[in-house]
Number of protein chains: 2
Amino acid sequence: MRLVIARCEVRYSGRLTALLPVATRLIMVKADGSVLVHSDNGSYKPLNWMMAPCRLRESSPSPEAAAMGVAAVWTVQNDKTTDRLEIDIHEMLSDSAFEFGVDPGLVKDGVEAHLQALMAEQITVLGEGHTLVRREYPTAIGPVDILARDSRGGTVAVEIKRRGDIEGVEQLTRYLELLNRDPLLRPVAGVFAAQEIKPQARVLATDRGIRCVVLDYDAMRGVDDVESRLF
Amino acid sequence: MRLVIARCEVRYSGRLTALLPVATRLIMVKADGSVLVHSDNGSYKPLNWMMAPCRLRESSPSPEAAAMGVAAVWTVQNDKTTDRLEIDIHEMLSDSAFEFGVDPGLVKDGVEAHLQALMAEQITVLGEGHTLVRREYPTAIGPVDILARDSRGGTVAVEIKRRGDIEGVEQLTRYLELLNRDPLLRPVAGVFAAQEIKPQARVLATDRGIRCVVLDYDAMRGVDDVESRLF
DNA sequence: ATGTCGATTTCGCTG
DNA sequence: CAGCGAAGTCGACAT
């Protein structure tokens, strides 16, 4: 990884056009060639960037640019698109490089997938007598998180979210519309399950006859086998 | 901005739990206290981070941790939530700080807002005789991008997207459903306008009686006053 | 390659 | 403050 601190102007053109006026910033060049421009302001994402695959070319400024105080010009060109980053280096304040080696990567616990696994194990949170048909039940427009049957054998489609907003209700609605065309499944009831359900989402869901279930992640995790926790 | 290169293990707990095993990484501490942990792998976002407002505390490792090779422990605690980042520094390879000053920030051109402004100016791209009622027409479930009237005085609701996919059609459908409950407006026709419309979105829109319009951004911009371009 | 969907989504705006 | 929607969304995974 190469780290450059420089006073620079940055221009991006591609899906949109963006300009960063001259200021001191951090330019990060990663091992795969990707380039990130960070300010000292909060914001976990760079002000401007170019993702791999791309090519960094360092060149001398034109006489006009040099007269404007540009010491060097970096051009980062995406290999596959017309996306391009142009960095006018006005003053190089620091330039260093480090070898990092391979990163083992991030291990996560507690994302939606885990919530779905817990719910599949504890399917009776939907009500007594519920049984699991399968997780990630495939449809033409994407997988339904959970397909189950209620105590009377009726089909139940469950959409699980950490935070339940209106989009999740729309998603479930699309699945229900499709599933209810299948004579072997219909009628299919919908359940919108989330750790937190936004009022507007609840209104929309209720209006469409979709039941809302609020999930207690910690409680479900507590019931769950300790072994299933990653750490 | 403080830049640290270190062999470290990072643990995040908060909305989820995440673990980064020991490896060499860049730790960026920004002026507002936010902390970003980057690997040398591509990925424009950090592996782990904590956004401001938060507090960084540097402390000595416990005897057990020290025996495991931990030289220092950084704890980054969010001021308002229970989100916490714990960084075990095993080996400090570099530690430097720089003064950046204020960043003037990013100026963008060509985003959806611009597309919407152009369309409001050139509302007849919808057809002869169309007139603008207003942009960002408010409804209970959010603002409609553009409300217009056709040559016969009929109401037209327009949803504008850079990339038109199925979500945009759903969004417009929700607006239409609501607007058509208003006796003063109904019947309200829908127009789905985008620079590019995905086939699936077009099928869904057509099925729902929504007209699709492909926008030529460059052409609209060309017609537009040169002054309106930022650079 | 394309489609779908989650995300510690973040970010910005508006009421 | 919440709510809504955009994002150069990114990134992972399945088809």
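Quick note on labels: first sequence line is chain A, next is B, and so on, each numbered from 1. Just so it is clear, the values below take in all heavy atoms, side chains as well, and ignore hydrogens, waters and symmetry mates.
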For this session: Round to the nearest Å and state the distance from Lys108(A) atom NZ to dG11(D) atom P.
Result: 11 Å
Problem set entry | Lys/Arg-Asp/Glu bridge criterion (N-O < 4.0 Å) met for Arg221(B), Asp109(B) | yes
For this session: Just say parallel, tilted or perpendicular for the rings of Tyr44(A) and Trp49(B), cut-offs at 30° and 60°.
Result: tilted
Seminar exercise, completed: Between Val29(A) and Asp40(B) the two heavy atoms that sit nearest each other are O-OD1, 4.4 Å
Problem set entry | Spacing between Arg15(B) atom CZ and dA7(C) atom P, to the nearest angstrom | 12 Å
Exercise. When you match Ala113(B) and Lys80(B) each to their closest nucleotide on DNA chain D, which lands nearer the 5' end?
Worked result: Lys80(B)
Exercise. What distance, rounded to whole Å, do you find between the two P atoms, one in dG5(D) and one in dT8(C)?
Worked result: 22 Å
Problem set entry | Out of dC5(C), dC11(C), dG3(D), whichever nucleotide has its closest atom nearest the side chain of Lys198(A) | dG3(D)
Exercise. Heavy atoms under 4.0 Å, any strand shown: does Gln171(A) hit a base, just sugar-phosphate, or nothing?
Worked result: sugar-phosphate
Exercise. Asn78(A) and Met51(A): which non-hydrogen atoms are nearest, and at how many Å?
Worked result: ND2-O, 4.1 Å
For this session: Tell me what Arg163(B) touches on the nucleic acid: a base, only sugar-phosphate, or nothing, going by heavy atoms under 4.0 Å.
Result: sugar-phosphate
Exercise. Checking all strands, does Asp165(A) fall into the base, sugar-phosphate, or nothing category for heavy-atom contacts under 4.0 angstrom?
Worked result: nothing
Exercise. Between dA7(C), dG11(D), dA7(D), which one does the side chain of Glu112(B) approach most closely?
Worked result: dA7(D)
Exercise. Mapping Lys45(B) and Glu167(A) to their closest nucleotides on DNA chain D, which lands nearer the 5' end?
Worked result: Glu167(A)
For this session: Please state how far atom OH in Tyr217(A) lies from atom P in dT8(C), giving the value in whole angstrom units.
Result: 13 Å
Exercise. When we call it a touch if two heavy atoms are under 4.0 Å apart, what does Met50(B) touch: a base, just sugar-phosphate, or nothing?
Worked result: nothing
Problem set entry | Atom-pair distance (CG on Leu20(A); P on dG8(D)), nearest Å | 12 Å
Exercise. Do any side-chain nitrogens or oxygens of Ser43(A) fall under 4.0 Å of OP1 or OP2 in dT10(C)?
Worked result: no
For this session: Compare the ring of Tyr44(B) with the six-membered ring in the base of dC10(D) and state whether they stack (centres under 5.5 Å, planes under 30°).
Result: no
Exercise. Touch check for Glu159(B), heavy atoms < 4.0 angstrom, all strands: base, sugar-phosphate only, or nothing?
Worked result: sugar-phosphate
Exercise. So what does Tyr175(B) hit on the nucleic acid, given a heavy-atom distance under 4.0 Å: a base, only sugar-phosphate, or nothing?
Worked result: sugar-phosphate
For this session: Please determine, by modelled atom types, if Gln77(B) and Arg55(B) share a side-chain donor-acceptor pair under 3.5 angstrom.
Result: no
